[in-house]
Amino acid sequence: MKHVLYLFAFMAIAFNGAAQFNRQAMDSIRQLSEADHQHMMSLLHIDSLRPGPSGNPQAPNAANADEGKANPYSNYPDPLILKNGQKVTTAKMWWNKRRPEIVADFNREVYGKVPDHLPKVTWEVASTVKEMNASVAVVTKKLIGHVDNTSYPSIKVDMDLTLTTPAAAKGPVPVIMEFGFVFPPGFKMPPPPPGTPVQTGPDWKQQLLAKGWGYAVLIPTSYQADNGAGLTQGIIGLVNKGQPRQPDDWGALRAWAWGASRALDYFETDKDVDAAQVGIEGLSRFGKAAAVTMAYDPRFAIAFIGSSGAGGVKLLRRVFGEQVENLASSAEYHWFAGNFIKYAGPLTPNDLPVDAHELVALCAPRPVFISTGSPAVEGNWVDDKGMFLGGVYAGPVYQLLGKKDLGTTEMPPLETPLINGDIAFRQHSGGHTTGPNWPTFIEFASRYLKAK
Ligand code: GCU
């Protein structure tokens with residue numbers, strides 16, 4: 001139980017940023033989020049929602065962690081059957097018919113649709129610094145993405161991006177971009193739960209530099225807050241001119257992914273980056289964002305999706321760990337379209353027109369690495385097996401497009417890399433982090449990305 005409490009303590013501290021020191025600010029965010037959530041429920045004519053289970057395994061309403069009870073729902077949509085019942089047998093049918101159907105469903109019911117007209121982003125190189133990362137000379141650029149707000153000047157949005165490439169590079173290099181967390185000043189990570197393997201050796205940035213690749217960190221909360229109160233601000237609020245969302249408007253996950261695409265626009269103009277070889281990585285809510293980014297922007301070459309859980313690549317129909325009811329609550333609904341709330345009452349997850357394996361399928365034929373930690377350390381909330389199966393059930397789409405699936409439908413033992421196909425999976429023995437999976441991800445990615 002300790003690890004789960006740790007996870008929640010960590011989340012509460014890390015995601016509320018500096019607000020943790022200001023109870024009043026936190027209360028006000030909570031109240032405004034609840035009011036916006038309520039407003040969305042009234043737009044949907046919903047009076048009440050089913051509450052989600054608890055992440056505390058000791059609680060009387062603890063989330064299910066019994067595999068025997070995980071599968072009450074059978075209505076998994078087949079990514080290769082058209083809505084009219086016809087079987088998808090060619091790549092052309094996938095691209096022209098089935099994929100657009102799946103995208104439309106995700107847009108309307110799950111993540112929301114991105115507005116047709118979005119403001120332009122102008123990237124400013126705020127600073128360029130030559131520095132050392134361990135023994136490697138690097139060039140680090142701090143970038144600010146100024147979002148054009150002439151349509152609604154009272155909302156100002158500046159995107160925060162940092163790019164680092166090896167100084168000795170002879171040409172443009174592959175870059176992996178992470179969705180980064182912001183920690184408030186003075187923040188100290190709580191000690192890791194017992195059983196967490198100690199990590200030594202080069203960190204992920206240094207591992208990438210050792211390949212001759214670069215890295216970037218994009219701060220998603222610089223352009224869309226991680227709460228419902230923020231939906232009338234940031235890029236979503238700017239486009240809506242400060243008004244609340246309609247039920248099929250985009251949520252934070254698509255907004256965060258939009259920002260990653262704007263960062264990639266910048267990389268296309270930077271001679272140090274090979275923009276055809278840019279990957280996206282994220283953990284947890286930002287693992288969900290990494291999956292959404294990869295699914296919607298075909299320019300991303302590879303994705304490293306860390307412990308994304310429900311709302312990411314974990315099958316939503318599995319009753320194990322976090323549930324749709326949790327995602328639909330006032331604490332998390334802002335990640336999604338308002339319409340998604342319906343599946344926590346009156347509808348059920350079994351009524352969803354799509355499921356998470358189809359999010360993975362939208363990434364096809366490009367390589368995707370699904371990462372998770374050990375249940376003993378990370379807990380069961382993320383549902384490792386649900387994420388593994390998200391990869392498994394996307395397999396037929398990869399195969400149709402001439403690529404390789406995971407190669408098995410059996411959940412492998414801890415620390416077994418499944419990296420021979422174009423969908424990859426590994427469960428490391430640590431907690432809620434992508435850390436221990438970086439070497440395996442880089443090995444997988446090396447099949448696709450090359451420094452010239
Ligand atoms: C909570 C939430 C998850 C999310 C996680 C995180 O645990 O329920 O859906 O992924 O926070 O972002 O760490």
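Atoms within each ligand, like the ligands themselves, are counted from 1 in listed order. Everything numeric in this text was worked out from a predicted model, so none of it was measured.
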Would you call the rings of Phe106 and Tyr111 parallel, tilted or perpendicular, where under 30° means parallel and over 60° means perpendicular?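 Parallel.
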Please verify the inter-ring angle class for Trp204 with Trp438; under 30° counts as parallel, over 60° as perpendicular, anything in between as tilted.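 Rings of Trp204 and Trp438: parallel, as their planes differ by under 30°.
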Lys288 neighbourhood, listing ligand 1 atoms whose heavy-atom distance to it stays under 4.0 Å: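 Near Lys288, meaning under 4.0 Å from one of its heavy atoms, ligand 1 has 3 (C), 4 (C), 9 (O), 10 (O).
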Proximal ligand 1 atoms for Ser284, defined as those under 4.0 Å from one of its heavy atoms: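 Those atoms are 4 (C), 5 (C), 6 (C), 10 (O), 12 (O), 13 (O).
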What part of Phe181, side chain from CB on, backbone N/CA/C/O, both or neither, has a heavy atom under 4.0 Å from ligand 1?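 Under 4.0 Å from ligand 1, Phe181 contributes no heavy atoms.
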Given Glu281 and Thr434, is the side-chain contact (heavy atoms from CB on, under 4.5 Å) satisfied, shown in steps? CA-CA 9 Å; Glu281 180 258 353; Thr434 51; 2.8 Å; yes
Residues in salt bridge (charged side-chain N to carboxylate O under 4.0 Å, His left out) with Asp203, at least two apart?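 Salt bridge (charged side-chain N to carboxylate O under 4.0 Å, His left out) check on Asp203 returns nothing, list empty.
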Should [X] be counted as touching ligand 1, given the test is an N or O pair under 3.5 Å?
X: His432; result: yes
X: Trp381; result: yes
X: Trp335; result: no

From Arg285, Gln323, Glu322 - option closest to atom 9 (O) of ligand 1 by heavy atom: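 Looking at heavy atoms only, Glu322 sits closest to atom 9 (O) of ligand 1.
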May I ask you to check whether Glu415 and Ser429 show a side-chain donor-acceptor distance below 3.5 Å?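 Result is yes, a qualifying pair exists.
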Pairing of Asp355 and Arg317 as salt bridge, 4.0 angstrom limit: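 Yes, charged N to carboxylate O under 4.0 Å.
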